[in-house]
Amino acid sequence: MSRIPALLVLLFSSDLVASDHADLTAKIAALDAELFEAFNTCDVETNARFFADDLEFFHDIVGLGGKEQTLASSRSNCGSGLGLERTLIEDSLRVFPIPGYGAIQEGRHRFCHPTDQGPDCGTFNFLHIWREGEDGSWQLTRVVSYGH
């Protein structure tokens, strides 16, 4: 094969990879928005659909939890009227494919809740591992929350 056709194949395939990566990033960003819309509005049942039954949630202060502990924490926060709200730091979002499995999502997010002295906020790091099901659905299997 001459250099020119090989170069065209390389350029064409890199365009496809870039397009696929942009599509995956958009998909994960949309899932993130849906997940945290449910979180912010205390729609725990919708929120639960995003978590795989085998979820492992690693938190640098709380420790390791699973799906039921994560949902119990959401129910408790919502039931107490804490008013916790999460916002993604947009320019921090990075997505990487995991061939044959799903995707890695990393970034930073801000959590705030109202107090008598004004909003109490903190910005933290996260890493999410998303698994794509055979039916095209996506669920979180691993969550790492750190930097608290």
Side-chain angles (χ1 to χ4, degrees), residues 1 3-113 121-148:
M1 183 184 293
R3 288 185 185 186
I4 292 175
L7 182 59
L8 290 175
V9 169
L10 180 61
L11 289 173
F12 180 69
S13 64
S14 66
D15 286 346
L16 287 177
V17 169
S19 175
D20 287 348
H21 188 262
D23 291 347
L24 179 62
T25 298
K27 177 65 177 174
I28 297 301
L31 290 166
D32 182 271
E34 290 177 49
L35 170 68
F36 284 100
E37 173 66 21
F39 176 87
N40 290 342
T41 60
C42 288
D43 184 352
V44 179
E45 298 316 310
T46 295
N47 205 242
R49 292 195 302 254
F50 288 95
F51 300 126
D53 289 339
D54 62 346
L55 173 73
E56 291 182 337
F57 193 122
F58 300 89
H59 191 283
D60 65 348
I61 294 175
V62 177
L64 174 62
K67 181 177 181 174
E68 292 311 315
Q69 292 92 338
T70 300
L71 295 175
S73 177
S74 288
R75 286 185 188 96
S76 175
N77 287 337
C78 290
S80 72
L82 181 62
L84 191 60
E85 186 170 307
R86 184 264 197 176
T87 305
L88 175 67
I89 307 301
E90 288 293 331
D91 63 352
S92 74
L93 178 67
R94 293 179 23 164
V95 175
F96 305 90
I98 304 174
Y101 189 84
I104 297 168
Q105 174 194 9
E106 70 174 11
R108 294 181 53 75
H109 48 198
R110 181 176 205 71
F111 286 88
C112 296
H113 67 94
C121 299
T123 302
F124 313 107
N125 303 305
F126 72 92
L127 177 91
H128 292 166
I129 306 294
W130 290 90
R131 177 174 57 210
E132 183 177 17
E134 290 181 15
D135 63 354
S137 65
W138 289 78
Q139 289 188 309
L140 286 166
T141 58
R142 303 296 177 268
V143 172
V144 182
S145 182
Y146 59 100
H148 295 93

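We count residues from 1, following the sequence as given. In what follows, every heavy atom counts, from backbone to side chain, and hydrogens, waters and symmetry copies are set aside.
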[X] side, atom [atom1]; [Y] side, atom [atom2] - distance, nearest 0.5 Å:
X: E106; Y: L93; atom1: CD; atom2: CG; value: 9.0 Å
X: R110; Y: T87; atom1: CZ; atom2: OG1; value: 8.0 Å
X: C42; Y: N77; atom1: SG; atom2: CG; value: 8.0 Å
X: K27; Y: Q105; atom1: NZ; atom2: CD; value: 12.5 Å
X: T46; Y: L35; atom1: OG1; atom2: CG; value: 10.5 Å
X: I89; Y: T123; atom1: CD1; atom2: OG1; value: 5.0 Å

Heavy-atom donor-acceptor pair, N47 side chain to A38 backbone, under 3.5 Å
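No; judged by distance alone, with no hydrogens or angles, the pair does not exist.
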
Hey, does [Y] have a side-chain heavy atom less than 4.5 Å from the side chain of [X]?
X: L84; Y: F39; result: yes
X: E34; Y: W138; result: no
X: T70; Y: F51; result: yes
X: I129; Y: L140; result: no
X: H128; Y: L31; result: no

Could you please spell out the steps behind the side-chain contact (heavy atoms from CB on, under 4.5 Å) verdict for D43 and E45?
CA-CA 6 Å; D43 184 352; E45 298 316 310; 4.2 Å; yes

[X] and [Y]: which non-hydrogen atoms are nearest, and at how many Å?
X: N125; Y: G147; result: ND2-CA, 4.2 Å
X: H21; Y: P97; result: CD2-CD, 4.0 Å
X: Q69; Y: G65; result: OE1-C, 4.0 Å
X: R131; Y: A52; result: NH2-CB, 3.3 Å
X: N40; Y: E85; result: OD1-CA, 3.3 Å

Pair D60, F124 - check side-chain contact (heavy atoms from CB on, under 4.5 Å), show working.
CA-CA 11 Å; D60 65 348; F124 313 107; over 6 Å; no

Answer yes if the ring centres of F111 and H113 are under 6.0 angstrom apart, and no otherwise.
no

Using 30° and 60° as the class limits, which term best fits the ring planes of F36 and H109: parallel, tilted or perpendicular?
perpendicular

Check the pair D32 / R86 against side-chain contact (heavy atoms from CB on, under 4.5 Å), numbers first and verdict last.
CA-CA 11 Å; D32 182 271; R86 184 264 197 176; 2.6 Å; yes

Yes or no on side-chain contact (heavy atoms from CB on, under 4.5 Å) for V62 and F57, after CA distance, side-chain angles and deciding distance?
CA-CA 10 Å; V62 177; F57 193 122; over 6 Å; no

